[in-house]
Amino acid sequence: SNNNPYASFGATLARDEEQNLWSTPHDVTHTEADDDRVLYNMIVVRNQLDKDSEEWQKLNYDIYTLRQTRKEVRSRWKHILEGLGFQKEADSLLSVTKLSIISDSQNMSKARDILLKLSEETNIFPTSWELSERYLFVVDRLIALDAADEFFKMASAVYPKRPGGERADEGPGALQS
């Protein structure tokens, strides 16, 4: 028997890493939303496969791609929040945990409407993105701060919808840096 209290530390870190459903190791801000369950199930299936198999490699790539997409979406939201003057608060506004609550149930339909409008009229989310419950909480916070309309205006300016779904910083008309 091993009496070392730190013996399982490495295993715990590895397990935490695999349970991390967003993009950063030890991120405890994820919710138990549908998109989290999809990612979690992909991780579970991948871990049951032989690492040398083609299926394992494909699932590993899909998991990586999904995490990168989530990072990019979060980065876009943070960029707009900082542009609105929420430099210090951006991370906490984007932090959603299992304990997060909607501040006012009357805001729920307005938050859904704004989130849908962001999805349809801007490119803050990638074309293939399914709306995440996480951002419903963020929009609710913006409503409470009376900043939701300004957020939408800035998102429309920074990530305008283009014909064919391409972003302003992609494709033939993109500005060169």
Side-chain angles (χ1 to χ4, degrees), residues 16 18-45 62-171 173:
D16 288 349
E18 288 307 310
Q19 290 180 346
N20 166 36
L21 301 180
W22 289 85
S23 52
T24 311
H26 312 296
D27 177 6
V28 294
T29 66
H30 66 271
T31 64
E32 294 291 330
D34 288 343
D35 56 336
D36 291 334
R37 283 188 282 280
V38 167
L39 181 55
Y40 178 76
N41 289 337
M42 289 170 65
I43 292 169
V44 168
V45 170
D62 291 345
I63 291 166
Y64 173 80
T65 302
L66 184 53
R67 284 180 169 163
Q68 288 304 112
T69 302
R70 288 177 168 192
K71 268 184 168 177
E72 182 180 334
V73 169
R74 186 181 192 286
S75 175
R76 290 176 186 180
W77 279 72
K78 185 173 180 177
H79 175 73
I80 293 171
L81 289 170
E82 289 173 344
L84 291 173
F86 293 109
Q87 290 85 357
K88 292 181 180 177
E89 301 88 352
D91 287 324
S92 62
L93 285 170
L94 290 169
S95 177
V96 177
T97 69
K98 294 177 198 173
L99 303 176
S100 295
I101 57 170
I102 296 293
S103 64
D104 182 350
S105 59
Q106 293 178 341
N107 288 347
M108 181 60 80
S109 65
K110 183 176 181 183
R112 284 188 201 283
D113 291 345
I114 292 171
L115 191 60
L116 190 59
K117 195 172 164 185
L118 280 165
S119 169
E120 292 173 349
E121 298 180 26
T122 74
N123 274 324
I124 195 166
F125 296 112
T127 308
S128 62
W129 183 267
E130 288 187 29
L131 288 182
S132 173
E133 189 178 337
R134 162 182 287 262
Y135 290 100
L136 193 59
F137 287 93
V138 178
V139 173
D140 172 64
R141 292 169 183 166
L142 293 172
I143 292 170
L145 292 168
D146 200 24
D149 292 333
E150 287 302 313
F151 185 92
F152 177 79
K153 287 177 191 169
M154 186 173 276
S156 297
V158 176
Y159 300 106
K161 194 68 129 182
R162 296 280 190 226
E166 66 182 28
R167 290 201 339 244
D169 58 353
E170 295 175 343

Please round to the nearest 0.5 Å and tell me the distance separating atom CG of Leu81 and atom CG of Leu94. 5.0 Å

How close do Asn123 and Pro160 get, counting heavy atoms only, and between which atoms? ND2-O, 3.2 Å

Using modelled atom types and a 3.5 Å cut-off, is there a donor and acceptor pairing between side-chain atoms of Arg76 and backbone atoms of Ala155? no

Distance check, rounded to the nearest 0.5 Å: His79 atom NE2 versus Leu84 atom CG? 10.0 Å

Specify the closest pair of heavy atoms between Asp91 and Lys78, including all atoms of both residues, with the distance to one decimal. OD1-NZ, 3.1 Å

Name every donor-acceptor pair, under 3.5 Å, that has one atom in a side chain of residues 141-151 and the other anywhere in the protein, sequence neighbours excluded.
{"residue": "Arg141", "atom": "NH1", "partner": "Ser92", "partner atom": "O", "Å": "3.4"}
{"residue": "Arg141", "atom": "NH1", "partner": "Leu93", "partner atom": "O", "Å": "2.8"}
{"residue": "Arg141", "atom": "NH1", "partner": "Ser95", "partner atom": "O", "Å": "2.6"}
{"residue": "Arg141", "atom": "NH2", "partner": "Ser95", "partner atom": "O", "Å": "3.0"}
{"residue": "Arg141", "atom": "NH2", "partner": "Ser100", "partner atom": "OG", "Å": "3.3"}
{"residue": "Glu150", "atom": "OE2", "partner": "Lys153", "partner atom": "NZ", "Å": "3.4"}

Charged N to carboxylate O below 4.0 Å: is that the case for Arg112 and Asp140? no

Does the side chain of Ile63 reach to within under 4.5 Å of the side chain of Leu39, using non-hydrogen atoms? yes

For Ala90 and Glu82, which heavy atoms make the closest approach, and how far apart are they? CB-CG, 4.1 Å

Check whether any side-chain heavy atom of Tyr135 sits under 4.5 Å from a side-chain heavy atom of Val73, and report yes or no. yes

Taking the inter-plane angle between the rings of Phe125 and Trp77 on a 0 to 90° scale, is it parallel (under 30°), tilted (30 to 60°) or perpendicular (over 60°)? tilted

Nearest atoms (heavy-atom pairs only) where Ile43 meets Arg67: CD1-NH2, 3.4 Å

Heavy-atom nearest pair, Leu136 first then Leu115, reads N-CD2, 3.9 Å

Taking atom OG of Ser119 and atom CD1 of Ile114, what is their separation to the nearest 0.5 Å? 13.5 Å

Is there a donor-acceptor pair closer than 3.5 Å between any side-chain N or O of Ser156 and the backbone N or O of Phe152? yes

Dump the intermediate steps for side-chain contact (heavy atoms from CB on, under 4.5 Å) on Lys161 and Thr122, then the final yes or no. CA-CA 5 Å; Lys161 194 68 129 182; Thr122 74; 5.9 Å; no

